Amino acid sequence: MRPFVYQRASDAPSAIQNLATATAANNVLTEASAQPLAGGTTLIDLMKLDVMRPKAVVDINPLAASWSNVSLDDDNLRLGALARMSDVAANPEIQQHYPVIADTLKLAASPQLRNMASLGGNVLQRTRCSYFRDVSYHNCNKRNPGSGCAALEGFNRSHAVLGTSEQCIATYPGDFAQALMALDATVEITGRSGVRKIRFSDLHKRPGESPQAETTLSPGELISAFLIPGPWPRSVYLKVRDRQSYEFALASAAVALDLQDEVMRDARIALGGVAAVPWRAREAEAILKGQKFDDALIDRAADAAFADARPHRHNVFKVALGKRVISRALHQAATMEI
Amino acid sequence: MTNQKDFPAGPGFNRRTFIGAAAGTAVAPIVAKAAGASGGPAATSDPSLPVDVSLDINSATRSLRIDARTTLLDALREHTGLTGSKKGCDHGQCGACTVLINGRRVLSCLTLAVVAQGQRIVTIEGLAEDGELHPMQQAFVDQDAFQCGYCTPGQIMSGIACVREGHAGSDDAIREYMSGNICRCAAYPNIVAAVRQAARAMSDEQKG
Amino acid sequence: MSITAPEPKANMGQPIPRYDAAAKVTGKAQYAADVPLVNPAYACLVTSSIAKGRIDGFDMTAAKQVRGVIDIVTHENAEQLKEAKLFSNGGYAGTTIQPLKSADVAHTGQIVAVVVAETFEAAQQAAYAMKVNYTAAMPSATFDSAGTTSAPAKGQLAQFKEDPKVGDFAKAFNDAEIKVSAAYETPPQHHNPMELFATSCVWLGDSLTIYEPSQYVYGLKNGVAEQLGIDADKVRVINAYVGGAFGSKGSMTPRTAIIASIARRLGRPVKLVATRAQGFTIATFRAETRHEIQIGARRDGHLTALRHESWEVSSRPDPYAVGGTKTTTRLYACPNIESRVSIVRADRNTPGFMRSPPEVPYMFALESAMDELAVALNMDPVELRRVNDTAKEPISGKPYTSRSLMACYDQGARAFEWEKRSPQPKSMTEGDWLIGYGCATSCYPTQMAPAAARVRLQRDGRVRVEIAGQEIGNGAYTVIGQAAAEKLGVPVEKVSVFIGDSDLPPAPVAGGSNSTASTCSTVIKVCEQVRQKLFEALTSNESLTNEAKGTVGMGQTPSTPSASNDRPLDLERAFDALGVSVVEEYGEWKPEGAPMDSFQAMYKGQVRMVGGSEMKDKIAYAFGAEFVEVRVNKWTHEIRVPRLVGAFAAGHIMNPRTARSQLMGGLIWGMSSALHEATELDERYARYVNDNLADYLVPVNADVSDVDVILVAEQDDHINPAGVKGIGELGNVGTNAAVCNAIFHATGQRLRKLPVRLEKLEI
């Protein structure tokens with residue numbers, strides 16, 4: 001870990017001021033000279049590995065007083081960005097009205113990590129690509145733009161098959177983000193010039209030619225809340241992994257259905273473990289929407305979701321697995337008691 | 001330590017109503033001061049200078065002058081002599097460093113000591129009262145819930161939280177909610193038996 | 001009594017709680033890195049990112065500028081330490097690759113520099129700031145990589161003595177009614193004990209104290225002394241507790257002498273806690289193996305021909321091999337057997353022993369092939385084992401000292417309800433899950449080695465036992481205490497046990513499952529000396545002679561295998577007769593057949609292990625039968641193991657509680673090995689990719705449900721005074737094959753390459 005100045009924010013404006021002042025670079029996440037610290041489960045981990053090297057760390061936990069509220073009105077769930085994963089997962093109303101959100105939070109990480117990690121930090125958690133996490137590999141376009149990608153021809157079992165580029169095939173590792181993607185969430189961002197809102201699907205950038213730029217946040221901006229329309233009582237998260245618990249997804253699907261008399265008036269599908277960013281399977285949704293729930297149709301939708309998949313040597317299986325995960329998640333959602 | 005009020009419930013919410021902040025987060029800002037020659041002014045210009053940090057560990061205040069980068073785990077182990085919390089991975093992958101902060105189980109290896117200021121930290125050394133083992137410790141003895149013992153302090157801290165969170169209602173729940181603590185000796189079935197035993201004892205204690 | 005503390009059966013001790021339980025649940029148990037040091041400097045390793053080549057130079061500018069950096073040690077300025085000989089060739093070290101000796105790099109993750117600083121944080125920062133310039137050569141990573149070489153193990157490695165062979169395999173196989181030929185593969189694996197590889201070195205004058213988790217304090221003491229060129233009596237290794245080892249802490253790693261040397265040079269204690277990732281390359285691992293098995297059998301299931309050929313990977317300089325054919329060729333009755341083991345050299349760190357070193361890979365191959373044979377014969381796999389059970393090993397006809405294999409199968413099958421298995425693959429389902437039952441044989445050689453102990457008995461019945469054994473989770477404190485208490489007839493609470501310190505009388509490496517047999521046999525012998533002394537004091541008084549025989553029980557010689565004695569010492573009368581308040585005895589014990597130089601070697605930290613298949617006129621193994629239920633999700637192909645049953649017979653069980661726990665852990669280890677554990681190689685760089693606990697998967701609590709351990713009563717009077725067969729490694733031997741056999745039963749797909757991951761299932 002490199003030395004840093006530790007600053008404890010007393011309020012949002014001061015936190016943002018500190019972050020913005022110290023941050024000159026255009027690369028928000030990797031080389032930013034100031035980083036916000038909430039749960040620390042990504043930041044401290046990557047600082048110890050010398051992957052993240054902030055010159056200042058701004059502790060935003062004191063903002064929890066105003067930024068960790070959870071509230072529900074007629075058509076919107078609002079989750080404060082500093083709410084902790086375990087608290088939101090345990091919330092009975094979220095379990096009832098937004099089960100997919102509770103599931104994604106409950107199936108992530110471990111109880112200790114969920115107690116620490118904030119929702120805002122969780123959606124910004126960084127890839128688990130081994131070559132990204134080990135600075136002794138020079139060839140990582142995410143860390144060293146233009147240096148190449150060690151994973152392309154390396155050990156890439158856990159890597160992505162969707163949304164990748166020739167520059168980077170790292171997987172977005174999170175679970176909660178898939179629920180936000182599926183449910184068309186909005187992100188509330190607080191910056192120097194006040195509050196702005198964007199669609200959650202516009203938060204993460206595909207790697208493309210610049211895998212080092214992971215989000216559309218500007219220096220000094222903080223996620224303050226997530227707004228989720230709903231409710232979506234018929235929604236599930238299916239996460240497949242080698243271990244039964246405490247492991248990142250090999251493939252996962254967040255699914256929400258509006259099912260009336262076996263007709264899918266709306267179908268939402270987001271995929272984890274298989275894509276470079278939080279991933280919405282819109283082609284699959286289009287096939288399902290307005291149609292009667294039917295196995296052949298679901299197979300066709302699952303095929304559509306992976307039509308553009310580009311597997312590599314060790315992750316070929318993710319295409320077939322991802323399709324089956326979509327199918328099983330849809331079946332689970334369709335048959336759940338609500 | 002066994003006091004229920006140390007363990008806040010997660011936040012509920014009411015429709016159309018905002019309710020209070022998530023538990024476990026401090027509201028009073030405490031700024032770490034860079035320790036100059038005189039312990040002097042809050043000079044944040046040289047980040048490699050040590051800072052003064054005051055920690056509330058097992059109901060005692062510990063004043064330390066440490067590198068701002070020091071994790072809570074290293075602060076406990078290298079600076080306060082509390083070596084019960086163990087380093088198994090230093091990256092949040094094993095659970096051996098689990099401690100309670102404000103009653104919640106967290107990983108001390110991913111917690112900066114400066115961030116833990118002003119919060120109630122409980123480690124394995126803070127459980128036994130007057131030499132009498134905590135019911136979770138006794139249950140680990142009774143059920144042979146360890147072999148090499150290295151992960152044990154973390155398992156016990158996690159087990160106490162697991163019970164207080166209400167996640168010890170069935171063996172399956174215990175298995176899932178004890179999955180953040182790896183035991184390479186694989187004493188898992190015995191750990192489940194121990195948490196089950198302690199859950200009963202802790203609930204009797206509450207009633208008593 | 002409870003599930004976790006089973007009722008003792010015949011020839012079993014009491015299931016008392018662990019001696020070290022209170023220390024371990026309160027955080028007071030002091031592991032190596034817990035020992036407080038006065039003004040320590042913190043060391044951090046810098047390791048190579050290339051597998052083969054040379055270091056051209058270092059750029060230390062940034063590292064030296066880090067506040068608090070004291071010293072940076074590289075091959076350019078390090079003390080030249082003496083060479084270390086390989087453990088398995090009669091030395092102490094797990095590798096002969098000595099870092100910081102030259103600019104050469106022999107494997108990735110080799111130590112190329114050590115940064116020492118005032119704080120851990122500064123040392124870590126400076127280590128990352130070190131720039132190392134290399135000239136890299138193309139490495140050979142593993143089997144099939146260009147540039148590897150292969151040669152028979154025999155002749156390369158002192159420990160590998162034979163390629164067992166009997167009869168005429170080629171003819172018998174050719175003539176066989178039923179034939180099975182299959183190839184199997186196991187991956188590299190790392191022990192990953194929870195405790196990291198820590199070393200603290202403290203010099204006081206010319207005396208060195210080392211706090212390091214070791215399975216062999218005497219070996220480490222002597223090995224470090226040899227490397228530093230100092231008298232071994234000046235070196236003391238202390239580790240009251242070891243946080244798991246599984247083989248990884250059995251032989252000396254290069255780090256210890258390096259840290260000792262730096263501490264001497266700085267005149268200050270130095271503390272190193274290597275990172276989890278560094279642990280993958282600065283110590284040993286279980287190397288990948290390949291196997292070809294051919295079995296010929298009659299239609300009634302009797303084996304007529306068996307051939308087992310294997311290949312193992314090792315490093316360039318060190319010919320290490322586990323060589324499990326000594327076990328697989330002797331397990332079943334068969335008149336025609338052939339075998340061969342070869343070593344393939346690659347640019348890797350030197351592998352070493354990991355829990356059940358030969359048996360895990362080799363028995364996976366044999367027991368999978370046996371299941372394939374059962375399928376080919378359309379025969380129940382348990383019955384196939386029964387048909388081929390034997391009281392004599394087939395290579396040279398030596399009798400097993402005891403062999404309860406079929407008793408294990410019968411008791412295990414009953415507990416598992418094996419009879420509910422429908423033999424057809426894919427015939428059992430529940431909802432979305434395909435269910436499979438599988439079984440396999442476990443076995444592990446009974447091994448023993450010389451040891452010494454000091455026992456002090458006081459008039460008030462208090463006992464102090466000193467022996468430099470190691471508590472690695474094996475229950476050493478507990479069973480040593482029990483052995484002394486039983487032999488001296490005192491309550492176990494009165495016994496204090498001191499182990500884990502090389503200033504105590506020597507004990508062998510806590511490896512090869514020899515620890516309990518060796519240390520308890522020794523403690524029993526020294527307790528007998530104590531009794532003898534008291535007895536002689538009483539017998540010198542004529543009038544007491546007859547009564548004395550009754551009260552001190554010395555009429556019983558040799559001691560019973562259980563070491564128990566129903567005639568307690570009348571301590572007060574004996575002590576009064578002797579006119580003292582303390583009796584202390586030091587004694588040495590060596591197993592039958594131990595070589596002449598055993599005791600001299602023991603004090604030099606060299607083990608003369610005997611047992612298993614290498615005894616003169618007999619063969620000694622512990623046996624078990626393992627049963628596994630797997631469930632495979634027919635949609636997602638997730639594989640889960642809801643049930644493991646193991647029945648084991650291992651002579652006298654000192655403590656059913658600790659024994660059950662250790663065997664249970666073994667079963668879960670085996671499941672883990674079958675389904676999860678593989679160290680992934682990036683073959684381009686010969687580097688381990690998943691060198692952390694998030695990516696090197698070991699089971700978590702939720703992966704384990706019902707585990708049933710059955711301790712089968714067995715008595716064996718032909719092995720050692722304690723009557724003990726080792727059990728530390730018995731549990732995880734059969735599980736690999738049992739899991740794959742169950743997966744075959746569930747899915748109809750035979751998986752011959754470990755680990756089994758969901759993508760390998762084509763259902």
Side-chain angles (χ1 to χ4, degrees), chain A residues 1-11 14 37-45 47-49 55-57 59 61-74 78 80 82-84 86-94 106 109-116 118 243-246, chain B residues 9-32 34 44-49 51 67-69 71 90-93 95 97-98 101 104-107 109-112 114-115 117 154 158 161-162 165-167 175-182:
Chain A
M1 208 184 289
R2 303 198 177 189
F4 55 85
V5 174
Y6 172 77
Q7 297 166 321
R8 191 148 197 184
S10 49
D11 51 39
S14 78
L37 173 73
T41 54
T42 293
L43 181 62
I44 303 300
D45 175 33
M47 284 168 69
K48 285 184 182 185
L49 293 172
K55 293 194 167 57
V57 168
D59 182 355
N61 287 301
L63 310 187
S66 48
W67 282 13
S68 61
N69 297 315
V70 169
S71 68
L72 185 65
D73 64 22
D74 283 340
R78 182 187 161 91
L82 283 177
R84 305 292 148 159
S86 55
D87 295 329
V88 179
N91 189 301
E93 298 229 33
I94 292 175
K106 193 172 66 188
S110 73
Q112 291 94 316
L113 288 162
R114 298 194 295 267
N115 271 348
M116 301 169 73
S118 69
R243 282 203 298 224
Q244 176 72 23
S245 185
Y246 200 6
Chain B
F13 64 81
N14 300 315
R15 283 174 184 276
R16 300 170 194 282
T17 319
F18 287 84
I19 66 146
T25 48
V27 288
I30 302 163
V31 178
T44 50
S45 52
D46 186 347
S48 59
L49 282 173
V51 295
D67 194 305
R69 293 171 288 183
T71 61
D90 218 17
H91 287 278
Q93 300 167 352
C97 67
T98 302
I101 294 186
R104 292 162 70 96
R105 49 174 155 166
V106 299
L107 300 176
C109 77
L110 292 182
T111 303
L112 291 176
V114 287
V115 176
Q117 292 186 100
S158 205
C162 178
E165 290 161 7
H167 290 138
R175 287 184 191 116
E176 172 60 30
Y177 283 89
M178 289 301 289
S179 282
N181 293 81
I182 291 177

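Numbers restart at 1 for each chain; the letters A, B, ... are given by sequence-line order, proteins then strands. Bear in mind the structure is a predicted one, so any value in this text is a computation, not a measurement.
- Side chains of B:Ser158 and B:Arg105: a donor on one and an acceptor on the other come within 3.5 Å.
- Residue A:Asp45 touches chain B through both its backbone and its side chain, counting heavy-atom pairs closer than 4.5 Å.
- Taking the side chain as every heavy atom from C-beta outward, B:Asn181 and A:Gln112 approach each other to under 4.5 Å.
- Here the closest heavy-atom approach between residue B:Ile182 and residue B:Gln93 is recorded as CD1-O, 3.4 Å.
- Contact of B:Thr98 with chain A is made through the side chain alone, with heavy-atom distances under 4.5 Å.
- Looking at A:Arg243, only its side chain comes within 4.5 Å of chain B, counting heavy atoms on both sides.
- For B:Asp67, no part lies near chain A; criterion is any non-hydrogen pair under 4.5 Å.
- Contacts between A:Phe4 and chain B at a heavy-atom distance below 4.5 Å involve backbone atoms as well as side-chain atoms.
- Residues A:Glu93 and A:Val70 form no side-chain contact, since every pair of their non-hydrogen atoms from C-beta on lies 4.5 Å or further apart.
- Looking at A:Leu43, neither its backbone nor its side chain comes within 4.5 Å of chain B, counting heavy atoms on both sides.
- From B:Arg104, atom CZ reaches atom CD of B:Glu165 across 8.5 Å, with rounding to the nearest 0.5 Å.
- Contact count versus chain A (heavy atoms, under 4.5 Å) is highest, among B:Arg175, B:Glu176, B:His91, B:Met178, for B:His91.
- Proximity to chain B (any heavy atom under 4.5 Å) is shown, for A:Thr42, by neither the backbone nor the side chain.
- Judged purely by atom type and a 3.5 angstrom limit, A:Arg114 uses its side chain to pair as donor or acceptor with the backbone of A:Lys106.
- Residue B:Cys162: no heavy atom, backbone or side chain, is found under 4.5 Å from chain A.
- Between A:Pro62 and A:Arg8 the shortest heavy-atom distance is CG-NE, 3.5 Å.
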